[in-house]
Amino acid sequence: MFTRTEQHLLNDWQRDFPLDPRPYARMAEQLGISEAEVIDALETLKKQRAISRVGAVVKPGTIGASTLAAMAVPGERLEDVAEWVSAYDEVNHNYERDHRFNLWFVITASDADALNNVLAVIGDESGLPVMSLPLVEAYHIDLGFDLNFPHQEPEAQP
Amino acid sequence: MDSTDRKIIQATQAGLPLVSQPYHQVAEQLGLQPEDVIVRMQRMLDSGIIRRIGVVPNHYALGYRANGMSVWDVPDHDVLRLGPLVGQLPFVSHCYRRPRHLPEWHYNLFAMVHGRSREDVESQVSQIADLLGEANLGHEILYSTRILKKTGLRLAA
């Protein structure tokens, strides 16, 4: 289980990370703990893989060209195809999903030509159609994700 | 957004360093002034290039094991009005309009929902269905069964 401090860090600090020379010290003031404790707690969460990073979430489509691609891969070829699709640097997410279209991946390239090239190569190499579903419009505001920790009174300081 | 902004995004895409003065460390690495990094990040945040800066939780590791990509067939003239409403639902982490790919793919609205179980996901999806009402011409939930690769945004150097 997570300590009260960890729960605060996970749930309340998904946005508004201070743009201040000493951001962890500013967070520490609000949490009523020391800067070193904030840094230690974040390091622990990262080691536990509870967080992937502390940093900026960039709006999709603002940099380079990207698309969501899907393929219907015959079961006996899925392992192989999935593995070499993942091997492309331009592929940053790759999920197996429970559907006839069973392989879903995001490709991000420097520009539209480079993107189309990756799509074409994956199609040629696999001999399978690659469905490309680029973003038309984003509708979520992305304020972070409420982890719904049970509400508790503030943790007493030891 | 200029090449210096790009360099800042690139240098921080794996995360800001967990040190007392993280922007100083990024600035040093890029040959910039720390204030410059802060001002530019603030500007990218204000203009929407950066959505938010903060802790990025790993949903899966936190027990949100059911990841459902709900996909919806919504008439084009309705999706403009309804898309933003679906995107505002607190449990929808991502919501996008994408092109149909006929004849094999007729869904044009994608809403990602996370739950601790498939039952959680299904109850959230039924709330989306209620919201869409008659504009829902059909939907499916595609659960992820394996994460094969997940990295942050990669920019070619």
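No more than 12 heavy atoms of other residues, nucleotides or ligands sit less than 6.0 Å from atom CD of B/Glu28. More than 12 heavy atoms of other residues, nucleotides or ligands lie within 6.0 Å of CZ in B/Arg118, so this atom counts as buried by the packing criterion. Heavy-atom neighbours of A/Glu43 CD from other residues, nucleotides or ligands within 6.0 Å: above the threshold of 12.
Side-chain contact annotation: B/Asn67 with A/Arg97, donor-acceptor N/O pair under 3.5 Å present.
A distance of 11.0 Å separates CD1 in B/Ile147 from CG in A/Asn94, rounded to the nearest 0.5 Å. The distance from atom CZ of B/Arg52 to atom NZ of A/Lys59, rounded to the nearest 0.5 Å, is 15.0 Å.
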Show your working on side-chain contact (heavy atoms from CB on, under 4.5 Å) between B/Tyr96 and A/Tyr139 and close with a plain yes or no.
CA-CA 6 Å; B/Tyr96 298 118; A/Tyr139 293 125; 6.0 Å; no
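A heavy-atom distance below 4.5 Å is found between the side chains of B/Glu104 and A/Arg100. The shortest side-chain heavy-atom distance between B/Asn58 and A/Gln48 does not fall under the 4.5 Å cut-off. Side-chain atoms of B/Pro99 and A/Pro134, non-hydrogen and from C-beta on, do get closer than 4.5 Å to each other.
Contacts from residues 133-146 of chain B to chain A, taken as heavy-atom pairs separated by less than 4.5 Å, involve B/Glu140, B/Leu142, B/Tyr143, B/Ser144, B/Thr145, B/Arg146 in sequence order.
The cluster map of Ile, Leu, Val, Met, Phe, Trp and Tyr, joined by side-chain heavy atoms under 4.5 Å apart, puts A/Val91 and A/Leu68 in different clusters. Residues A/Val136 and B/Val79 do not share a hydrophobic cluster, defined by chaining ILVMFWY side chains whose heavy atoms lie under 4.5 Å apart.
Looking only at distances, a side-chain donor or acceptor of B/Arg98 sits under 3.5 Å from a matching main-chain atom of A/Leu133.
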